[in-house]
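The structure appears right after this line, and notes come after that.
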Amino acid sequence: MASLQSLRWLFGLLAALCLLAPVLAEANVTAGCGKTPTLTSGQRTLTVNGKSRQWIIRLPSNYDKSKPHRLIFGLHWRDADFKSVDTGSAPYYGLRALAGDSTIFIAPNGLNKGWANSGGEDVTLIDTILQTVSEDLCIDQNLIFSVGFSYGAAMSYSLACSRPKVFRAVAVLSGALLSGCSGGTEPVAYYCQHGVRDSVLNISNGKQLRDNMLKRNGCQAKTAQEPARNSKTHIKTEYSCNPGYPVTFVAFDEDHVALPKDSGGDGGANSWTIPEVWKFFSQFT
Ligand SMILES: *[C@@H]1O[C@H](CO)[C@@H](O)[C@H](O)[C@H]1NC(C)=O
Ligand SMILES: *[C@@H]1O[C@H](CO)[C@@H](O)[C@H](O)[C@H]1NC(C)=O
């Protein structure tokens with residue numbers, strides 16, 4: 001009788017642990033969870049290495065302080081600024097329209113309309129913004145992402161190099177090695193796309209970054225097909241990599257365009273890129 005009782009007790013304990021385990025495994029949230037936030041949507045300023053730096057934050061309209069949110073950085077291209085990412089026909093590279101109330105978006109501003117990241121100062125900017133929002137907002141620390149085009153793609157790649165534990169995945173749209181790569185040995189889930197007719201940063205640049213990530217993420221070799229010129233299409237290659245570190249590469253028949261469409265030119269909010277990047281980011285939960 002006694003042993004039956006203790007067996008029952010043991011089963012009860014095991015069941016409780018099984019129910020609790022996923023909760024414990026997922027509990028990696030910021031100190032801001034449960035706090036009434038002081039940050040609201042809009043433009044902010046902070047000081048990094050003695051320089052005044054600007055950024056824009058967008059909270060979901062129904063921000064819930066007890067719900068851990070995804071966080072996506074949208075980094076601007078060269079000769080643009082943070083407002084270019086925050087406004088226009090497809091804010092935050094079109095992702096904001098798909099995110100509902102799940103996600104907080106941040107557009108930091110580069111210096112001199114770019115991301116030279118001299119001495120790592122732009123990485124420090126991202127670190128400082130993350131510290132600031134973590135204390136105030138409820139963020140799932142396993143769901144932090146960065147997306148950018150051109151110079152903003154280069155900076156997203158740089159973040160994957162120097163902050164591989166912080167960023168769950170990055171999306172590099174027509175990127176090149178322009179913002180440095182400090183570290184650059186650890187895996188990070190990686191989406192990238194590049195135009196086969198890119199006349200600003202040719203496609204070799206994008207493939208160079210991709211090939212580095214394929215090594216880091218332990219991916220199997222695979223030949224990525226590219227669309228013929230004037231075929232007006234795109235071809236996606238998904239690599240088989242170490243669990244949790246997928247790599248996707250899309251080659252498209254266009255020039256240096258952030259949000260291409262298959263009929264040619266800039267697709268804006270109708271670009272196939274938007275659902276592709278969203279699908280890549282939102283596979284992580
Ligand atoms: C929690 O998040 C931090 C910061 O992003 C990361 O360094 C750490 O590895 C995460 N821990 C777990 C258990 O996922
Ligand atoms: C592509 O760009 C890189 C970097 O600017 C350059 O070294 C390379 O020669 C270019 N390749 C082609 C095929 O134009």
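All ligand and atom numbering here is 1-based and tracks the order in the structure.
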I'd like a table of the close N/O pairs between ligand 2 and the protein (anything under 3.5 Å), one pair per line with both atom names and the distance.
{"residue": "ligand 2", "atom": "2 (O)", "partner": "Asn202", "partner atom": "OD1", "Å": "3.4"}
{"residue": "ligand 2", "atom": "2 (O)", "partner": "Asn202", "partner atom": "ND2", "Å": "2.3"}
{"residue": "ligand 2", "atom": "11 (N)", "partner": "Asn202", "partner atom": "ND2", "Å": "2.9"}
{"residue": "ligand 2", "atom": "14 (O)", "partner": "Asn202", "partner atom": "ND2", "Å": "3.3"}

Polar contact flag, side-chain donor to acceptor under 3.5 angstrom, Ser156-Ser146: yes
Ser102 side chain to Arg70 side chain, donor-acceptor N/O pair below 3.5 angstrom: yes
Qualifying residue, where the test is side chain to side chain contact (heavy atoms under 4.5 Å, CB included) with Ile106 and the options are Ile56, Val85, Val133: Val133
Arg78, CZ atom: more than 12 neighbouring heavy atoms under 6.0 Å: no
Phe249 ring center within less than 6.0 Å of His194 ring center: no
Report all side-chain donor-acceptor pairs from residues 108-115 shorter than 3.5 Å, counting only partners two or more places apart or in another chain.
{"residue": "Asn109", "atom": "OD1", "partner": "Phe82", "partner atom": "N", "Å": "3.1"}
{"residue": "Asn109", "atom": "ND2", "partner": "Gln54", "partner atom": "OE1", "Å": "3.1"}
{"residue": "Trp115", "atom": "NE1", "partner": "His76", "partner atom": "O", "Å": "3.0"}

